[in-house]
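Structure first, commentary second.
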Amino acid sequence: MKQPRAWQRMLSGRRLDLLDPTPVDIEIEDIAHGLAFVARWNGQTHGDWPYSVAEHSLLVEAIFARLVPEAAVKWRLAALLHDAPEYVIGDMISPVKAAVGPAYGELDKRLAAAIHIRFGLPVEVPKSIKAQIKKADQVSAWLEATQLAGFSATEADRFFGAPKPEVIAGLCLHLRPPVEVRAAYKARHAELLAQL
């Protein structure tokens, strides 16, 4: 019986094996392009453009820097790349991930490991750093929910926790076309790599 195809041809020309991804097949151009076209909130946001995972990742990195200003640059890079596997597997909302089960988590983990190795990060991010990135992710979700996805602040507080005012001060989300978000993501990635 013929095995189903488990690889994807990337725009860079790389052939990424989803079952056994290798760092040599990871390119930031592919990640930035894919994430710029993956919509958060299943596309259920206000505006003329979808709110992309690339835009979300930029926000999470900025919030992480506010939460942990003394963090090493490599952990800021880890924050930027925290959802990078979604350039291939998409952004599933939590209820869908729960329905799919552990297979989604394993695929995400394999891709994240290859991405981390490719950009000089450890396969496993320390638990304390991972917890701070998760906190930044939740603050980002609160902002997205209240500014773009139609949640009231009370409802967002219940699902994501109320953020500290100083952490979200001045953060106003603006939707941009994918080409602009892709360029911003690549630029931020390059800035962080240059600081390592």
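The figures that follow rest on heavy atoms only: side chains count, while hydrogens, waters and symmetry mates do not.
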According to side chain to side chain contact (heavy atoms under 4.5 Å, CB included), who are the partners of [X], at least two apart in sequence or on a separate chain?
| X | result |
| --- | --- |
| Ala184 | Leu58, Arg176 |
| Pro122 | Trp75 |
| Val38 | Val53, Asp91 |

Is there side-chain contact between [X] and [Y], with at least one heavy-atom pair below 4.5 Å?
| X | Y | answer |
| --- | --- | --- |
| Val139 | Ile168 | yes |
| Arg118 | Ile115 | no |
| Ser52 | Phe37 | no |
| Tyr87 | His33 | no |

Inter-residue atom distance [X].[atom1] - [Y].[atom2], 0.5 Å rounding:
| X | Y | atom1 | atom2 | result |
| --- | --- | --- | --- | --- |
| Leu196 | Leu121 | CG | CG | 7.0 Å |
| Leu175 | Thr45 | CG | OG1 | 6.0 Å |
| Ile28 | Leu81 | CD1 | CG | 6.0 Å |
| Tyr104 | Met92 | OH | CE | 5.5 Å |
| Ile26 | Leu111 | CD1 | CG | 6.5 Å |
| Tyr185 | Glu29 | OH | CD | 11.5 Å |

Looking at every non-hydrogen atom in both residues, tell me the closest pair between [X] and [Y] and how far apart they are.
| X | Y | answer |
| --- | --- | --- |
| His174 | Cys172 | CD2-O, 3.2 Å |
| Val73 | Leu192 | CG1-O, 3.4 Å |
| Val60 | Ala79 | CG1-O, 4.1 Å |
| Arg66 | Ala169 | NH1-O, 2.8 Å |
| Pro50 | Ala39 | CB-CB, 3.7 Å |

message = Is there a continuous path of hydrophobic side-chain contacts, each under 4.5 Å between heavy atoms, that joins Leu193 to Leu35?
response =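 Per the 4.5 Å side-chain linkage, Leu193 and Leu35 are co-clustered.
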inquiry  = Tell me if a side-chain donor or acceptor on Arg182 pairs with a main-chain N or O of Ala32 at a distance below 3.5 Å.
reply    =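 Side chain of Arg182 to backbone of Ala32, a donor-acceptor pair under 3.5 Å: no, none is there.
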List, one per line, each side-chain donor-acceptor pair under 3.5 Å for residues 10-21, sequence neighbours excluded.
from, atom 1, to, atom 2, distance (Å)
Ser12, OG, Arg14, N, 3.3
Ser12, OG, Asp30, OD1, 3.4
Ser12, OG, Asp30, OD2, 2.6
Arg14, NE, Val24, O, 3.2
Arg14, NE, Glu27, OE2, 3.0
Arg14, NH1, Val24, O, 3.3
Arg14, NH2, Val24, O, 3.4
Arg14, NH2, Glu27, OE2, 2.9
Asp17, OD1, Leu19, N, 2.9
Asp17, OD1, Asp20, N, 3.2

request  = Sorted by first residue and then second, give each ring pair (Phe, Tyr, Trp, His ring centres under 6.0 Å) pair with at least one member in residues 111-131; sequence neighbours left out.
outcome  =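 Qualifying pairs: Phe119-His189.
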Which atom pairs, one a donor and one an acceptor, fall under 3.5 Å between side chains of residues 144-165 and the rest of the protein, sequence neighbours left out?
from, atom 1, to, atom 2, distance (Å)
Glu144, OE1, Arg40, NE, 3.0
Glu144, OE1, Arg40, NH2, 2.7
Glu144, OE1, Trp41, NE1, 2.9
Glu144, OE2, Tyr51, OH, 3.4
Glu144, OE2, His56, ND1, 2.7
Glu144, OE2, Ser140, OG, 2.6
Thr146, OG1, Trp142, O, 3.0
Thr146, OG1, Leu143, O, 3.3
Gln147, OE1, Leu173, N, 2.7
Gln147, NE2, Leu171, O, 3.0
Ser152, OG, Glu155, N, 3.1
Asp157, OD1, Trp142, NE1, 2.7

query = In chain order, what residues pass the salt bridge (Lys or Arg N to Asp or Glu O under 4.0 Å) check against Glu61, with sequence neighbours excluded?
reply =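 Applying salt bridge (Lys or Arg N to Asp or Glu O under 4.0 Å) to Glu61 gives Arg76, Arg188.
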request  = Keeping to residues at least two apart or across chains, list the salt bridge (charged side-chain N to carboxylate O under 4.0 Å, His left out) pairs with something in residues 102-117.
outcome  =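 Listed once each, the pairs would be none.
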